[in-house]
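Working notes for the structure below.
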Amino acid sequence: GAGVSQSPSNKVTEKGKDVELRCDPISGHTALYWYRQSLGQGLEFLIYFQGNSAPDKSGLPSDRFSAERTGGSVSTLTIQRTQQEDSAVYLCASSLGGDRRNQPQHFGDGTRLSIL
Amino acid sequence: KQEVTQIPAALSVPEGENLVLNCSFTDSAIYNLQWFRQDPGKGLTSLLLIQSSQREQTSGRLNASLDKSSGRSTLYIAASQPGDSATYLCACVSGGYNKLIFGAGTRLAVHP
């Protein structure tokens with residue numbers, strides 16, 4: 001597709017359930033990022049993938065959060081045993097590889113997650 | 001640890017005004033700084049990226065400057081229009097892996 005695609009756009013679930021969020025990056029982008037945007041915390045980095053490897057997972061808030069990427073393309077962010085504080089917008093971004101630190105990141109529209 | 005601050009938090013101006021949004025960062029060792037626009041319920045749209053070796057970037061009515069030594073960037077919007085109403089975020093890359101560190105944003109409202 002032309003841009004970064006995320007699904008679902010909205011997700012409402014009960015506390016304690018597991019959720020999976022999906023990101024389809026721009027074709028040819030080898031770098032993929034997950035961020036979280038919540039009230040009072042702003043936009044925070046969660047995890048970075050280069051290809052299928054995740055050399056930086058420093059932003060994952062707890063071991064309930066995990067992510068994987070397959071085929072150097074689609075990524076899934078999984079939250080286990082959701083808590084109310086997990087309610088936020090989860091944003092995915094992708095960028096070209098190469099000189100990674102000077103490549104602009106392109107963002108999807110995000111998944112709005114609400115935990116009841 | 002890099003921290004990014006944006007001032008003001010909110011701004012309301014009449015159409016046609018020129019305006020300046022401010023961004024400051026605590027660690028001057030950055031690789032680049034990006035300005036983004038976010039519309040309600042949407043993701044981020046990249047406006048301008050300034051590499052650490054550059055002083056400014058321009059795109060249409062937008063001009064962004066970077067002063068690494070003082071830890072500051074400004075986004076200048078000329079002849080503002082109601083369609084410019086959005087939240088503007090600055091973010092910088094310092095350290096490895098192109099990880100963006102964001103400010104809290106400036107919420108801009110341009111009224112006719």
Side-chain angles (χ1 to χ4, degrees), chain A residues 2-7 9-10 21 23-26 29-51 53-60 88-112 114, chain B residues 1-7 9-10 23-54 57 59 62 64 66 68 73 86-107:
Chain A
V4 177
S5 177
Q6 292 188 246
S7 61
S9 55
N10 287 282
L21 312 180
C23 173
D24 267 294
I26 293 172
H29 281 192
T30 61
L32 185 147
Y33 310 79
W34 284 98
Y35 295 87
R36 179 170 72 172
Q37 188 172 32
S38 53
L39 289 175
Q41 295 295 323
L43 243 157
E44 303 171 295
F45 166 81
L46 296 178
I47 186 169
Y48 158 70
F49 285 94
Q50 177 58 40
S53 301
D56 191 347
K57 308 178 184 180
S58 63
L60 294 178
V89 177
Y90 290 82
L91 291 162
C92 177
S94 69
S95 68
L96 292 168
D99 184 5
R100 296 184 291 273
R101 291 171 297 195
N102 278 317
Q103 295 293 337
Q105 294 182 29
H106 301 269
F107 282 77
D109 283 345
T111 294
R112 184 174 300 275
S114 300
Chain B
K1 177 186 172 185
Q2 180 72 273
E3 293 183 1
V4 180
T5 303
Q6 290 188 246
I7 296 173
C23 174
S24 62
F25 44 95
T26 54
D27 185 349
S28 62
I30 64 169
Y31 293 102
N32 64 58
L33 185 142
Q34 263 185 276
W35 283 93
F36 294 90
R37 168 184 173 138
Q38 187 174 32
D39 294 285
K42 296 292 187 180
L44 278 63
T45 300
S46 179
L47 298 174
L48 291 163
L49 183 149
I50 311 176
Q51 298 186 19
S52 61
S53 58
Q54 297 175 322
Q57 282 285 332
S59 176
L62 305 179
L66 175 64
K68 277 182 57 177
S73 176
T87 296
Y88 291 80
L89 294 148
C90 75
C92 59
V93 173
S94 56
Y97 304 128
N98 207 19
K99 174 171 63 181
L100 288 166
I101 308 298
F102 283 88
T106 293
R107 192 169 61 254

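None of these values were measured; they are calculated from a predicted model. Convention: sequence-line order gives letters A, B, ...; per-chain numbering from 1.
Of the atoms belonging to Ser58(A), it is side-chain heavy atoms, and not backbone ones, that fall under 4.5 Å from chain B. Neither the backbone nor the side chain of Ile101(B) comes within less than 4.5 Å of any heavy atom of chain A. When heavy atoms are compared at a cutoff of 4.5 Å, Leu91(A) approaches chain B solely by way of its side chain, counted from C-beta outward. Residue Glu44(A): no heavy atom, backbone or side chain, is found under 4.5 Å from chain B.
Of the listed residues Pro55(A), Gly110(A), Gly42(A), the one with more heavy-atom pairs under 4.5 angstrom with chain B than any other is Pro55(A).
In plain terms, the two heavy atoms of Thr87(B) and Gly105(B) that are nearest each other are CG2-CA, 4.2 Å. Here the closest non-hydrogen pair linking Leu89(B) and Gly103(B) is CD2-O, 3.4 Å.
For the atom pair CG of Asp109(A) and CG of Asp39(B), the computed distance is 10.0 Å after rounding to the nearest 0.5 Å.
Residues forming a side chain to side chain contact (heavy atoms under 4.5 Å, CB included) with Thr45(B) (at least two apart in sequence, or on another chain): none.
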Compile the donor-acceptor pairs under 3.5 Å between side chains in residues 46-54 of chain B and protein atoms, sequence neighbours left out, one pair per line.
residue: Ser46(B); atom: OG; partner: Gln34(B); partner atom: NE2; Å: 3.0
residue: Gln54(B); atom: OE1; partner: Gln51(B); partner atom: N; Å: 2.9
residue: Gln54(B); atom: OE1; partner: Gln57(B); partner atom: NE2; Å: 3.1

